[in-house]
Amino acid sequence: MTPSVLAGVDGSPESTTAALWAADEAVLRGAPLRLVHAWPWLTDGVATFAEPDDLPAAAQRVLASAADAIRERHPDLVVHTDAVLDAPVDGLVAAAADAALLVLGSRGLGGFTGLLLGSVGMAAAARSAVPVVVVREPGAPDGAGDDGPEVLVGVDAHAPEEEVLAFAFQEAALRGARLRAVHGWDLPPVFGYAGGAVPPTEIAQLEALEAKLLTLALAGQRERHPDTVVIEDVRLGSARGLVEASAGAALLVVGRRHRSLDFGPRLGRVAHAALHHARSPVAVIPHP
C-alpha cells in the first residue's frame with residue numbers, strides 16, 4: 001500500500017492551506033491523505049487515538065471542516081481523519097512515522113525582513129524521521145510561472161546527499177516541473193585573511209570548479225530521471241541565494257542531518273534559513 005500523506009490541522013487558515021497542499025500532493029502520488037489533529041488535554045500521558053464520539057465538538061469540527069474542503073477539490077481522494085491525544089509536536093511526529101511525508105502550515109512574511117512564525121513546524125522539521133513540508137499562508141506563490149513549475153533544491157556539491165536529491169527529482173517528476181539545483185559556495189578563508197578585493201579572474205576560476213562539482217553531484221539522479229529538465233545554478237553565498245531563488249518555486253527542498261545531539265535535534269544553517277525566510281513551501285529531508 002502506498003504510504004499516506006499526513007497533514008496536521010488545527011482549524012487555522014494556515015493549516016487549511018497546508019491540508020489542501022497535502023491533498024494535491026497525495027493525488028500526485030496516488031496516495032491516501034490522513035488529517036491529524038493533536039489534542040493534548042484528553043490524554044492520560046500515553047499517546048493514543050480517540051474515538052470520534054470522545055472528542056470535543058471543536059475538535060470534530062476542525063477535522064470535518066478540513067476534510068470537507070479537501071473532498072470538494074478532490075472528491076475521489078481517500079481521506080482519513082484522526083485525533084492524537086498528545087502535544088502537537090510529539091503527536092504529529094509520532095503519527096507521521098509510517099507516512100510518506102508530514103505537511104504543516106505556517107504564517108510567514110518572506111524575504112530576509114520577515115520570519116516564518118510557527119514553533120510546531122520548526123520543531124517537527126527538526127525531529128521528524130520522514131520529510132516535513134511547511135506550507136505558507138494563502139496567497140503565497142504557487143510556482144507556476146511563465147515557463148511552467150519549478151522545484152528548487154539546495155545542494156552541497158562538496159557533500160551531496162542522495163536522499164535529498166532523490167526527493168527533489170521525484171517531486172519535479174510528479175509535477176512535470178524543471179528542477180533548479182542551487183549550490184551556494186563561499187570564498188576560501190584565505191581570501192579574508194589576505195584582505196582587499198578578490199580578483200575577478202580568481203572568482204571565475206573558483207566558480208568554474210564549484211560548477212563542475214555540482215554537475216558531478218547531480219549525475220546519478222539525472223541518469224535515473226532522464227526526462228527531468230535540470231538547471232544547474234551556482235551562486236556565491238549559500239543560504240541567501242537559495243532563499244532568493246525560492247520566490248518563484250513550487251517547492252524548495254533542503255536537507256537536515258538525522259541525528260539527535262545531547263541537547264536535542266537541530267536544524268542546519270541552510271534548513272533554518274529556508275524555513276524562516278523562503279517564499280515557497282519548504283521540504284526538509286532528513287538524511288544520515
Side-chain angles (χ1 to χ4, degrees), residues 1-39 49-85 88 91-92 94-107 118 120-121 124 128 130-145 148-151 167-177 227-228 249-253 280-283:
M1 180 177 177
T2 304
S4 63
V5 174
L6 188 149
V9 295
D10 61 10
S12 68
E14 292 80 19
S15 78
T16 300
T17 298
L20 290 170
W21 190 98
D24 294 342
E25 179 75 12
V27 169
L28 288 174
R29 291 170 174 254
L33 177 67
R34 186 173 165 211
L35 303 178
V36 173
H37 176 61
W39 188 261
F49 294 97
E51 295 297 327
D53 293 342
D54 295 334
L55 294 176
Q60 295 184 49
R61 286 196 299 269
V62 165
L63 289 166
S65 176
D68 288 346
I70 287 164
R71 291 184 177 116
E72 184 176 346
R73 180 183 291 190
H74 298 294
D76 297 327
L77 177 64
V78 176
V79 181
H80 304 287
T81 59
D82 286 305
V84 180
L85 306 186
L92 289 169
D98 57 355
L101 72 161
L102 169 61
V103 182
L104 300 171
S106 192
R107 174 174 170 266
V120 171
S128 176
V130 304
V132 173
V133 178
V134 178
V135 181
R136 294 297 194 183
E137 76 280 7
D142 62 6
E150 180 173 284
V151 171
F167 185 93
F169 271 87
Q170 178 193 30
E171 289 297 313
L174 286 172
R175 290 166 170 74
D227 296 330
T228 298
L251 181 67
L252 166 58
V253 181
S280 64
V282 178

Tabulate below the donor-acceptor pairs under 3.5 Å that side-chain atoms of residues 63-71 make, not counting sequence neighbours, or state none.
{"residue": "Arg71", "atom": "NH2", "partner": "Val79", "partner atom": "O", "Å": "3.3"}

- Item | Residue pairs passing the ring-ring contact (aromatic ring centres under 6.0 Å, His included) test where at least one lies in residues 3-37, sequence neighbours excluded | His37-Trp39

What pair of heavy atoms forms the shortest contact from [X] to [Y], and how long is it?
X      : Y     : result
Ala7   : Ala19 : CB-CA, 4.0 Å
Leu102 : Gly8  : CD1-N, 4.5 Å
Pro88  : Ala38 : CA-CB, 3.5 Å
Gly91  : Val84 : CA-CG1, 3.7 Å
Ala26  : Pro32 : CB-O, 4.2 Å
Ala100 : Pro3  : N-CB, 3.7 Å

- Checking Arg73 side chain against Ala23 main chain: does a donor-acceptor pair fall under 3.5 Å? no

- Residues that His74 engages under side-chain hydrogen bond (donor to acceptor under 3.5 Å, both in side chains), provided they are two or more places apart: Asp24

- Given the options Leu252, Leu251, Val282, Leu104, Val133 meets side-chain contact (heavy atoms from CB on, under 4.5 Å) only with Leu251

- Task: Test Thr81 against every option in Val62, Leu35, Leu33, Val9 by the side-chain contact (heavy atoms from CB on, under 4.5 Å) rule and name the one that passes.
- Result: Leu35

- Set of side-chain contact (heavy atoms from CB on, under 4.5 Å) partners for Ala168, sequence neighbours left out: Val153, Leu179, Val253

- Query: In Å and rounded to the nearest 0.5 Å, what is the CZ to OG1 distance from Arg175 to Thr228?
  - Reply: 12.0 Å

- Message: Using side-chain heavy atoms (C-beta onward) and a distance below 4.5 Å, is Arg29 in contact with Val5?
- Response: yes

- Can you tell if the side chain of Leu101 reaches within under 4.5 Å of the side chain of Glu171, non-hydrogen atoms only? no

- Query: Quick one: salt bridge (Lys or Arg N to Asp or Glu O under 4.0 Å) pairs with a partner in residues 1-11, sequence neighbours left out?
  - Reply: none

- Message: Suppose we screen for ring-ring contact (aromatic ring centres under 6.0 Å, His included). Which residues come up paired with Phe167, at least two apart in sequence or across chains?
- Response: none

